[in-house]
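Convention: sequence-line order gives letters A, B, ...; per-chain numbering from 1. Keep in mind it's a predicted model, so treat the numbers as computed, not measured.
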Amino acid sequence: MLDIRVIRDNPDLVKKGTALKRVEADVDAILALDTQRRSTLTRADELKSERNTLSAEVGKLLKARENADDLKERVRQIGEEIKGLDEKADAIDAELRQSLLCVPNLPHESVPEGAGEEDNRVVRHWGEKPTFDFTPRPHWEIGEERGFIRFDQGARVSGSGFIVYAGAGAKLQRGLINFMLDMHVDRHGYREVQTPFLVTRDAMTGTGQLPKFEDQAYRVSEDDLFLIPTAEVPVTNLNREEILNGADLPLNLVCHTPCFRREAGAAGRENRGITRIHQFDKVEMVKVVRPEESYEQLDILLQQAEDVLQALGLHYRVVEICSGDLGFSNSRQFDLEVWAPGMDRYLEVSSCSNFTDYQARRMNMRFRREAKAKPEFVHTLNGSGLALPRTMIAVLEGYQQADGSIRVPEALRGFMGSDAI
RNA sequence: GGAGAGGUGGCCGAGUGGUUGAAGGCGACCGCCUCGAAAGCGGUUAAACCGUUUAAACCCGGUUUCCGGGGUUCGAAUCCCCGCCUCUCCGCCA
């Protein structure tokens, strides 16, 4: 969330930023609550100060075996008044926090202005679209025909939007996961973690999925836990409520998890095959860094995600996300879109974002530069490296051959033990 | 799931109703000593919020916080209730 002081001191800046993001946020209501909160707090504090003084006097009187009944009664009355003010302050506080949680992060000044997806900017391309001497087929045809992807069995077990990988398809996904993890660990210097897939409401709130987007998450109501929509949630929250040692930054963490998304209202034409399913695997990179280096780290993160696609020999483009399409908690974001020849379109396989101190403030995650320095909020970033289904699509469609077999990308041959499946 | 024990500052660990934000130790930082270091000696060492001030901040005044939430009391780290977490034993189980 945003620093209330920033909102207090620069309300217009905040209004401008949220407008750029095309998000409604009632800044004036927040300012009013803030003023109310402070005046209530000031009055309560004064009374508490008085109570503390008088209480000490009661103690002295009692110790001297003198009567303190009158004083006691007076303090009791003050106590009641304090109780009322505290309750009021708590109520205002809760309301203020709720409002604050619904204000998005502000876009970085470099972010192009735009209303939505259509205004995103293609920054560059890498590689070239593969050419075929036959009409490349979409992955759902290939996958079904070869038994790599069992849509029927996924639906049978869990309903529509769930799939089963089988045989060489299952092994291919496993190979991709290993390949990605190894690259980030061995080459990019990340530390691998394995986290829970069910997280608390606090964790979901910390990274920004809640309270605004609860309808997108699977929830286990019995325990009020949520199935993670991305490893970003458990991994970023790993050090919440902590003051980190500045010498330990930046933290570079990589994690493979399944991701669960309800995708309410997203069924249909655009999402045929496995482009958008309720459960998919993803390798995610998370960085926790010093504030002054977060934008530089975003470039590094993006490059590291690109490295995976390049190593797999997949043509892709880098897209800079405009203000109106920017994620709720993001200040700047680049997507990687891989080419899927069978579908004849680009697919988002990675999203690399800087969250500045927005998540850190929600999670209360800070660091100390030096031994006695004041704690400061860290900056957090994350990027997919990569989402598996769409990588799978690009491989199946991009490496398909006329006879229906799939060439195995060089990088995966050692693992697969063959050069075609 | 059942029974018991426990959750105090960066860490260890005192503290059972009134100058305890919290003894003592460790660690860290500063200074002295030293050619330098170690040892030794002295000092410093929680966070948030409100107010004041300011270019911003420090300082200063106040409040809160000893797992979280309620309660008792003039006053709670200390007493009571609920919850969460950790450990031990039992049960169960990949």
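Using a 4.0 Å heavy-atom cutoff across all strands shown, A:D69 reaches no nucleic acid atom at all. Here A:K60 lies out of heavy-atom contact (under 4.0 Å) with every strand. Counting any heavy atom pair closer than 4.0 Å across all strands shown, A:L71 reaches no nucleic acid atom. Note on A:L62: a base of the nucleic acid sits closer than 4.0 angstrom, heavy atoms only. Backbone-only engagement by A:R37 is indicated by non-hydrogen atom pairs under 4.0 Å involving sugar-phosphate atoms exclusively. Nucleic acid contact class of A:R8 (heavy atoms, under 4.0 Å, all strands): sugar-phosphate only. Contact annotation for A:V58: base contact, defined as any heavy-atom pair under 4.0 Å involving a base atom. Within the nucleic acid shown, A:R366 comes within 4.0 Å of sugar-phosphate atoms alone, with no base atom in reach, counting heavy atoms only.
Remark: B:rG4 base-pairs with B:rC87; criterion is Watson-Crick or G-U wobble with both hydrogen-bond distances under 3.5 Å. In a base pair of the Watson-Crick type (N1 to N3 plus N6-O4 or O6-N4) or a G-U wobble (N1-O2 and O6-N3), with each distance short of 3.5 Å, B:rG68 is matched with B:rC82. Pairing for B:rG61 goes to B:rC50, judged as Watson-Crick or G-U wobble with the two contacts each under 3.5 Å. Base pairing of B:rA77 is not made with any nucleotide, judged by Watson-Crick or G-U wobble geometry with both donor-acceptor distances under 3.5 Å. With a cut-off of 3.5 Å on both Watson-Crick or G-U wobble distances, the partner of B:rU45 is given as B:rG27.
Under a cutoff of 6.0 Å and an axis angle of 45°, A:K287 and A:F355 do not form a cation-pi pair.
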Show your working on side-chain contact (heavy atoms from CB on, under 4.5 Å) between A:I421 and A:M416 and close with a plain yes or no.
-> CA-CA 9 Å; A:I421 54 174; A:M416 295 302 286; 3.9 Å; yes
Test log, rule salt bridge (Lys or Arg N to Asp or Glu O under 4.0 Å), inputs A:R262 and A:D215 = CA-CA 8 Å; A:R262 293 189 61 227; A:D215 61 332; 6.0 Å; no
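Relative orientation of the A:F162 and A:Y218 rings is tilted, given thresholds of 30° and 60° on the angle between their planes. Aromatic ring pairs are classed by plane angle as parallel below 30°, tilted from 30° to 60° and perpendicular above 60°; the pair A:F328 and A:Y358 is perpendicular.
Projected onto RNA chain B by closest heavy-atom contact, A:L54 and A:D34 fall at different nucleotides, the more 5' of which corresponds to A:D34.
When the side-chain nitrogen and oxygen atoms of A:N364 are compared with OP1 and OP2 of B:rA48, none of them lie within a distance under 4.0 Å.
The nearest whole Å value for the distance from the CG atom in A:L47 to the P atom in B:rC50 is 18 Å.
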